[in-house]
Amino acid sequence: MGDGTKDAGLAARPELWPRVLEIIPGGVVEMRADGSIVHANAHAVELLGLSYDALTNRYAQDFAPETIHVDGRPCPASEYPILQALTTGAPSGPTTIGVVRPDGATRWATFSAIPVLEEDGTVAGAVVTFLEVTDRIRAETALSTSEAQLRTILETAPEVILSTDPAGRITFINRTVPELTPEACIGLDIRSFVSDATRPAIEAAIEQAVERRATARYEADDPYGRPFEAVVAPVIEDGEVASLTFVCTDVSESRHLRAQLMISDRMASVGTLAAGVAHEINNPLTYVLASLRHIERELWELDTPDLVRRVEQATEGAERISGIVRDLGTFAGERVAADARCNVEAVVDTTLRLASNQTRYRAKVSTRGGPVPFVRAEPSRLGQVILNLVVNAAQAIPEGRADAHTIVVSWEALSEDQVAILVTDDGDGIPPAQLSRVFEPFFTTKPAGVGTGLGLYICKNIIASFGGTIGIESELGRGTTVRLVLPTASRSARPSTPPAADLEAGPGGARLLIVEDEPLVRRVIAEALSDYEVSACASGREALGLLMSEDFDLILCDLIMPDITGMDVYAALEQERPELCERVVFMSGGAFTERSQAFRRATKSPFLDKPFSMEDLLGVVARRLAALTSRG
């Protein structure tokens, strides 16, 4: 063949063009200069979702409301490559555009256009070609969505997640660390984010991840002393460790919670032990105090003041033991009597006299406050709290400069329902880091050997049992203020000491049953109630034998006994003789089991807490008999 034949090619055979257009793997559309569509191949018809006749009766501008850019913005007709080619007379594209078909589906294609020029250079029309890229756009969109989700997860994760190269230099971090932005962390050695003491742990973990290609775990402290746990995993590419991924979790709070749980378990054990000890002490204290008071009365009649004074001292000592034992009850969650009430000013005056030996060499002690309503509290226990706070205040002040320091105990009525008591000193103060922990059990700011860490914990529990609150404010070098807020006592609440009328014995013919396993306690109770017709049992089993066949006007029953408990006696009465249940008065040296604590909360029967005075015993018996008699 000659050169002419070679040059002819497809141009010499125009009948082949329609076939070529149909086999091209993409759409081809020809337009006139006015934008009307002249021809479209099968790929264009299929992608645009229109029939050939419908398509060739449209203009390029007709597609404008149905086209979008990749970023979701509408694509106006002026940005179509084919209209730009018609306008400028120059090729345009490639441009990726989404076309919303009549069926609602969006198909994506990359469009390019070239103008068709007349011999004089004027634009006669244009041809646009396009390749469908719907699958690629969907994949990119899914990938972008996935990346956005992953980024959100990383940015909101509570853990610090980072990547390093095999040497430990940071290449990515998901969140800031103190005093550094994520950008500032890039390139830093991860070892610089742990304390010197815990650096061997991270060294060993990196070595395991790189050398053994195994996931490693370690615990360390950051340079600020905060503990964290970390997992480091190797990322393998082409058989080599390409990078390391670290997931670091701050465990400060979880460790604190674990410590609190351990303390709670410890306190539960202490509570059980304390309540058991209190129960064992309260029984002998009951007859010791009863005997001492009886001896005191007899000695007064014999006119022996020296012996009376000694007995009074012994009685006071026994009562102080009783107060200490009562404080043990705070570990077991015992609550204050609903009718307790006391005079704040009187309690403060008594307490400050007791504390004078502790305060006189350290500070001047003063009081400030006017008349306030009685508060709902037991005087001895409120006094114990104030005494503890005043002694703490004194111990925060060095000895030898009493004229230069002050301790002030003040009180005021906040409302008709609340009274505040404040203990303020100008001593050393408490460091801020320790202030939030002062009410925790076993935590103390005092030197080793001086404090047990239980004083303020007990105070908090006592005040809570009154339905009040306790708070503390302190400033280093400026002193400390502890603030108690207590509810006022109900006007109908009885005084802590029974009225004289209550101390008189009731009807002599009343039959009383004493159920008590401690012989000496049983004896002193029987002697105190000798004006009544008294029967006594040494066990719950013996008592049930009597109660199933005999009637009693009042039953004084110990709560905890080794054979059949007072709770068991009460349950048997509910089944067999329910009419006797309201005649039961329980005596308790302390509810130290879960069952006894639950029973005490649930029962409506009166309780006499050991050690009780014989005056209290007579008062309860007289009032209870009177109440039962009034009901008929």
Side-chain angles (χ1 to χ4, degrees), residues 282-295 297-298 301 494 498-589 603-632:
N282 280 329
N283 275 319
L285 267 180
T286 300
Y287 58 74
V288 166
L289 281 168
S291 299
L292 285 171
R293 285 166 180 147
H294 178 76
I295 293 171
R297 286 193 296 271
E298 294 292 328
E301 294 178 4
R494 69 177 180 87
D502 287 338
L503 304 183
E504 298 176 1
R511 293 196 69 199
L512 274 57
L513 177 64
I514 302 169
V515 187
E516 170 60 64
D517 63 303
E518 284 282 346
L520 292 177
V521 176
R522 191 168 60 249
R523 182 185 303 170
V524 297
I525 293 174
E527 289 174 353
L529 299 175
S530 58
D531 288 340
Y532 298 94
E533 183 181 342
V534 177
S535 299
C537 296
S539 70
R541 189 179 303 278
E542 183 184 348
L544 282 177
L546 282 175
L547 291 169
M548 291 301 109
S549 58
E550 296 186 33
D551 286 331
F552 292 91
D553 297 299
L554 203 65
I555 303 158
L556 299 169
C557 185
D558 193 17
L559 184 67
I560 305 294
M561 292 181 287
D563 182 12
I564 292 179
T565 69
M567 296 173 283
D568 298 325
V569 171
Y570 192 85
L573 292 179
E574 284 183 313
Q575 293 293 322
E576 303 295 333
R577 301 203 62 187
E579 72 278 7
L580 294 182
C581 286
E582 66 174 356
R583 304 181 191 180
V584 176
V585 174
F586 285 103
M587 302 177 294
S588 174
T603 186
K604 295 180 180 179
S605 297
F607 272 79
L608 261 172
D609 288 315
K610 299 175 182 176
F612 47 80
S613 68
M614 295 305 101
E615 289 81 2
D616 286 341
L617 171 67
L618 290 170
V620 168
V621 169
R623 284 193 297 273
R624 194 63 184 157
L625 286 173
L628 292 171
T629 302
S630 66
R631 296 178 192 174

Asker: Take E516 and L556 through the side-chain contact (heavy atoms from CB on, under 4.5 Å) test and state the conclusion after the steps.
Answerer: CA-CA 8 Å; E516 170 60 64; L556 299 169; over 6 Å; no
Asker: Would a 4.5 Å heavy-atom cut-off, applied to side chains only, mark L513 and E533 as touching?
Answerer: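 L513 does not reach E533 side chain to side chain.
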Asker: Kindly compute the distance separating CD1 (I525) from OG (S530), expressed to the nearest 0.5 Å.
Answerer: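 Result: 13.0 Å between the selected atoms.
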Asker: Quick one, L573 with E579, criterion side-chain contact (heavy atoms from CB on, under 4.5 Å). Give me CA distance, side-chain angles, the key distance, then yes/no.
Answerer: CA-CA 8 Å; L573 292 179; E579 72 278 7; over 6 Å; no
Asker: Is there a side-chain contact (heavy atoms from CB on, under 4.5 Å) between F552 and L547? Walk through the geometry before answering.
Answerer: CA-CA 8 Å; F552 292 91; L547 291 169; 3.8 Å; yes
Asker: Under the criterion side-chain contact (heavy atoms from CB on, under 4.5 Å), I'd like the reasoning laid out for D563 against E542: C-alpha separation, chi angles, the key distance, then a yes or no.
Answerer: CA-CA 10 Å; D563 182 12; E542 183 184 348; over 6 Å; no
Asker: Less than 4.5 Å apart, any side-chain heavy atom of M561 and any of V515?
Answerer: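 In contact.
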Asker: Can you list everything that forms a side chain to side chain contact (heavy atoms under 4.5 Å, CB included) with E582? Sequence neighbours excluded, please.
Answerer: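 Residues passing side chain to side chain contact (heavy atoms under 4.5 Å, CB included) with E582: R624, L628, R631.
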Asker: What are the two closest non-hydrogen atoms of F586 and G566, and how far apart are they?
Answerer: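 The pair with the smallest heavy-atom distance is CE2-O, 3.6 Å.
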Asker: How many angstroms lie between CD1 in I555 and CZ in R511, if you round to the nearest 0.5 Å?
Answerer: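 So the CD1 of I555 and the CZ of R511 are separated by 10.5 Å.
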Asker: Look at the side chain of E518 and the backbone N and O of L520, then say whether any donor-acceptor pair between them is shorter than 3.5 Å.
Answerer: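 Here the side-chain-to-backbone pair does not exist.
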Asker: Just how far is it from atom OH of Y570 to atom CG of L559, taken to the nearest 0.5 Å?
Answerer: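 Between atom OH of Y570 and atom CG of L559 there are 12.0 Å.
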Asker: Say you draw a straight line from CG of L546 to OG of S535; how long is it, rounded to the nearest 0.5 Å?
Answerer: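 OG of S535 is found 6.5 Å from CG of L546.
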Asker: With rounding to the nearest 0.5 Å, note down the distance linking OH in Y532 to CG in D553.
Answerer: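 Between Y532 OH and D553 CG, I get 10.0 Å after rounding to 0.5 Å.
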Asker: Would you indicate whether R523, at its atom CZ, is surrounded by more than 12 heavy atoms from other residues, nucleotides or ligands within a distance under 6.0 Å?
Answerer: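 Open.
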Asker: Compare all side-chain heavy atoms of V569 with those of V584 and state whether any distance is below 4.5 angstrom.
Answerer: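 Heavy-atom side-chain distance check fails, nothing below 4.5 Å.
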Asker: Which heavy atom of C581 sits nearest to which heavy atom of S605, and what is that distance?
Answerer: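 Smallest interatomic distance, heavy atoms only, reads O-OG, 4.1 Å.
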Asker: Using a 3.5 Å distance criterion without hydrogens, assess whether the side chain of R522 forms a donor-acceptor pair with backbone atoms of I514.
Answerer: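 Side chain of R522 to backbone of I514, a donor-acceptor pair under 3.5 Å: no, none is there.
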Asker: Once you round to the nearest 0.5 Å, how far does CG of D568 lie from CZ of R541?
Answerer: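 Between D568 CG and R541 CZ, I get 9.5 Å after rounding to 0.5 Å.
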Asker: For the CD atom on E550, are there more than 12 heavy atoms of other groups (residues, nucleotides or ligands in this structure) within a distance under 6.0 Å?
Answerer: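 More than 12 within 6.0 Å, yes.
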